[in-house]
Undergrad: 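Okay, here's the structure, questions in a sec.
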Amino acid sequence: MARYELVKRSVALITLTNPPVNALSSAVRHGIAKTMERALSDPKVTAVVICGENGRFCGGADIREFAGPLRGPPLVPLLDLIEAGEKPVVAAIEGVALGGGLELALVCHYRIAHFKARLGLPEVTLGILPAAGGTQRLPRLIGIPAALELITTGRHVSAQEALKLGIVDQVTEQNACEVAVEFALRAIAKPLSSRRLSSLTTPCPPNLDALLEAVTMQIQKKARGVMAPLACVQAVRAAATMPYSQGIKRESELMATLFHSGQARALQYCFFAERTAGKWTLPSGAQWNDTKPREIRSAAVIGLGTMGRGIAVSLARVGIPVIAVESDKKLLETGRQMVIGMLERDAKRRGVSASLNLLKFTLSLEDLKDVDLVIEAVFEDMALKKSVFRELSKVCRPATLLCTNTSGLDVDALAGVTDRPQLVIGMHFFSPAHVMKLLEVVCGPRSSSETVATAMSLGKRMGKVSVAVGNCPGFVGNRMLKPYSDQASFLLEEGATPEQIDKALEDFGFAMGVFRMSDLAGLDVGWRVRKESGLTGPDVDPKNPPRWRQGRKYCPIPDMVCEQGRFGQKTGRGWYVYDKPGGTNAKPDPLIQNLLETYRSRYGIKPRNITDQEIIERCLFALANEGFRILEDGIAARPEDIDVIYLFGYGFPRHRGGPMFYASMVGLQRVLERLEHYHQAHPDVPHLEPSPLLKKLVACGSPPVQKWREHIKTMHSHL
Ligand SMILES: CC/C=C/CC(=O)SCCNC(=O)CCNC(=O)[C@H](O)C(C)(C)COP(=O)(O)OP(=O)(O)OC[C@H]1O[C@@H](n2cnc3c(N)ncnc32)[C@H](O)[C@@H]1OP(=O)(O)O
């Protein structure tokens with residue numbers, strides 16, 4: 001796990017060998033300990049270079065080992081030994097030096113980085129802190145403010161920025177290992193004491209307390225309830241106020257509180273879930289690693305509304321020529337200006353030039369005859385979408401992939417009107433499409449494996465986290481949203497207010513509660529869908545009981561809000577009131593309070609006190625319960641996929657892991673009991689009835705989320 005060679009007759013070259021990222025597994029730590037001992041004790045060796053195999057220095061501790069007991073040599077004494085050695089040690093950083101990898105580099109006396117390398121201490125994103133001296137050595141090297149920023153955010157820096165900050169001594173465009181060997185030979189005669197970071201005094205700003213206070217407040221505002229960044233601040237404070245020997249103890253104490261926390265488990269689960277989500281399998285057996293995607297050299301987007309504009313920008317900024325289509329001149333011109341503006345702003349922010357030459361705007365579908373792939377992003381109306389797909393079928397060459405950006409309509413019904421159902425697939429982007437990372441790739445029963453592979457690979461190319469899902473109304477994300485938001489509406493009936501529900505959800509960790517989020521998205525969208533599906537509006541049978549639709553309990557309050565022209569932020573009024581249309585400062589509105597009181601008295605509902613616990617349980621357990629049904633139905637392949645969709649598309653707090661992981665952390669038995677309790681109280685709400693899969697998992701002893709798959713017997717997988 002660490003290779004030893006003697007180069008240039010006197011330099012020991014130690015190469016970490018643990019593909020793919022040379023993580024510091026117990027075997028690698030053992031390898032480093034053995035090879036370092038050999039290098040330090042061999043009189044022929046005058047200097048040491050440490051590098052990583054395959055152009056990657058080191059991706060840090062092996063995160064998979066965190067779940068088990070510590071085996072092999074602990075890192076801190078090993079790193080102290082390297083730093084204390086009397087022979088100069090040089091880190092040759094190629095690829096990445098992250099977490100424990102950077103901590104290893106920090107105990108080397110010199111650091112040479114390849115110009116493409118990235119460095120950072122991302123432990124905070126895994127719910128822990130850099131506990132191999134990182135919080136003590138980095139502030140001593142680059143000062144408190146810069147170290148605090150890097151450690152509390154986990155941000156990676158480029159080699160160039162690392163040089164500016166003083167983290168590395170040299171950046172090279174050549175082979176970093178060869179440069180490091182030459183560097184090491186020159187360093188032999190030089191004294192090492194000033195290169196041992198643990199022996200240095202931390203440069204301390206005069207306003208230390210004010211700085212730490214400001215950073216703490218910023219964290220509490222941005223990452224409400226998240227423990228690790230606050231612990232990082234305390235560890236950095238120790239670097240500023242204590243000698244190294246005490247600071248390292250403080251670092252270790254803080255790590256001990258974080259290491260076994262539920263937040264750390266959740267965040268580490270998210271890390272792997274994100275990587276698992278890209279690994280799709282179809283009922284045919286075809287899967288991500290045996291199906292070659294097609295190369296997409298040109299694309300088209302139909303419809304330049306909010307979604308279409310974002311999609312066009314996402315394609316153009318990764319170098320794909322895009323033809324954008326609108327139905328009339330005015331809309332085309334507006335769309336053109338918006339797309340160009342968005343692309344220019346995006347390019348400015350990234351410090352690159354805007355690829356405007358890749359854009360073409362047209363009113364004619366005929367212009368799409370030669371493109372490789374089309375993404376339809378017209379209004380969410382089946383008849384309209386079908387007419388577009390019929391037309392595309394006529395004008396596009398037979399090999400063109402036809403994708404629909406629908407948020408819940410039947411992808412197979414669209415495939416059915418084309419001459420190539422195997423090349424039709426859903427690409428459900430989230431608004432704003434050039435910002436939001438999630439892409440649901442909706443596989444119809446007739447979508448070919450090559451089509452799935454191509455949509456997934458295009459998503460990756462656009463920087464999206466793509467998840468393959470099956471075809472059903474609302475797919476995964478929006479299907480689960482319904483029970484969640486229905487519960488919020490029922491809670492309004494029973495006595496809660498929008499602000500109370502939002503606060504409970506925001507205290508849980510959501511960036512926005514369900515009502516503030518609906519105001520942002522626009523209330524009219526859901527209203528239109530409910531009208532189309534006959535839940536409200538003129539098509540509802542007048543004989544229908546008032547709070548009852550399609551055989552189940554229905555809350556008409558959201559419709560009543562819309563009937564008053566309150567569509568959310570864009571109209572300046574929704575569940576809240578805003579200073580002006582388009583305003584973002586939500587204030588509780590007495591008119592909504594009135595509406596709720598009138599509604600309750602009309603239906604004889606006596607308002608009751610509702611606790612935050614009930615809000616969280618009813619909203620989130622109903623959400624997870626639908627997730628279990630989605631797994632049973634084979635619409636999502638694994639719980640990780642559902643969690644990734646909720647993390648990246650719906651703002652579920654990452655330190656809670658996603659709805660399915662959260663349910664497993666609460667305990668499936670407890671979730672089952674609470675759902676049974678609420679279903680007993682509300683027997684007319686089917687979403688509260690515990691799903692068979694939840695019951696089955698409880699009966700099997702509530703296995704960990706990673707094992708649920710073994711208990712899901714899907715007869716008709718849609719994936
Ligand atoms: C006491 C000492 C404590 C130290 C604390 C730490 O060091 S915590 C770990 C800190 N390091 C990180 O957080 C880095 C995590 N990794 C990444 O950010 C990225 O993987 C990467 C290194 C930037 C490489 O990205 P890339 O996109 O090229 O590859 P993948 O992300 O897809 O990863 C490839 C596979 O490698 C697995 N993996 C990556 N890092 C680790 C790790 N540190 N431990 C274990 N496994 C790791 C990843 O899961 C992928 O595996 P697959 O099986 O192929 O999905």
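Count residues from 1 along the sequence. All values below were derived from every heavy atom in this structure, side-chain atoms included, with hydrogens, water molecules and symmetry-related copies excluded. Order of listing sets the numbers, starting from 1, for every ligand and every atom in it.
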Undergrad: So is Arg56 polar-close to ligand 1, meaning N/O to N/O under 3.5 Å?
TA: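 Right, the criterion is met.
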
Undergrad: Under 4.0 Å between a side-chain nitrogen and a carboxylate oxygen: does that hold for Arg118 and Glu161?
TA: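 No, no charged N to carboxylate O under 4.0 Å.
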
Undergrad: My understanding is that we take every heavy atom of each candidate and find the minimum distance to atom 50 (C) of ligand 1. Doing that for Arg275, Lys460, Met255, which one comes out nearest?
TA: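 Selected option, by shortest heavy-atom distance: Arg275.
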
Undergrad: I would like to know whether Phe430 and Phe648 meet ring pair (Phe, Tyr, Trp, His ring centres under 6.0 Å); could you show each step before the answer?
TA: CA-CA 9 Å; Phe430 287 70; Phe648 287 96; over 10 Å; no

Undergrad: Please tell me if atom 27 (O) of ligand 1 is touched by the protein, where touching means a protein heavy-atom distance below 4.0 Å.
TA: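 Protein heavy atoms within 4.0 Å of atom 27 (O) of ligand 1 - there are none.
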
Undergrad: Answer yes or no: is there a donor N or O on one side and an acceptor on the other, between the side chain of Thr15 and the main chain of Gly52, under 3.5 Å?
TA: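 Judged by distance alone, no pair lies under 3.5 Å.
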
Undergrad: Given Asn18, Leu102, Leu24, Val21, which has its nearest heavy atom closest to atom 47 (C) of ligand 1?
TA: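 Minimum heavy-atom distance to atom 47 (C) of ligand 1 goes to Val21.
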
Undergrad: Less than 3.5 Å between some nitrogen or oxygen of Gly101 and one of ligand 1, yes or no?
TA: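 Among all N and O atoms of Gly101, none is under 3.5 Å from an N or O of ligand 1.
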
Undergrad: Between the candidates Gly60, Ala61, Pro19, which shows the shortest non-hydrogen contact distance to atom 42 (C) of ligand 1?
TA: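 Among Gly60, Ala61, Pro19, the closest heavy atom to atom 42 (C) of ligand 1 comes from Ala61.
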
Undergrad: Is there a nitrogen or oxygen of Pro122 sitting under 3.5 Å from a nitrogen or oxygen of ligand 1?
TA: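 Checking ligand 1 against Pro122, no N or O pair falls under 3.5 Å apart.
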
Undergrad: For ligand 1, which part of Lys279 has a heavy atom less than 4.0 Å away: the side chain, the backbone, both, or neither?
TA: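 Contact part for Lys279 vs ligand 1: side chain (C-beta onward).
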
Undergrad: May I ask you to check if ligand 1 and Val96 share an N or O to N or O distance below 3.5 Å?
TA: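 The answer is no, given that Val96 and ligand 1 share no N or O pair closer than 3.5 Å.
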
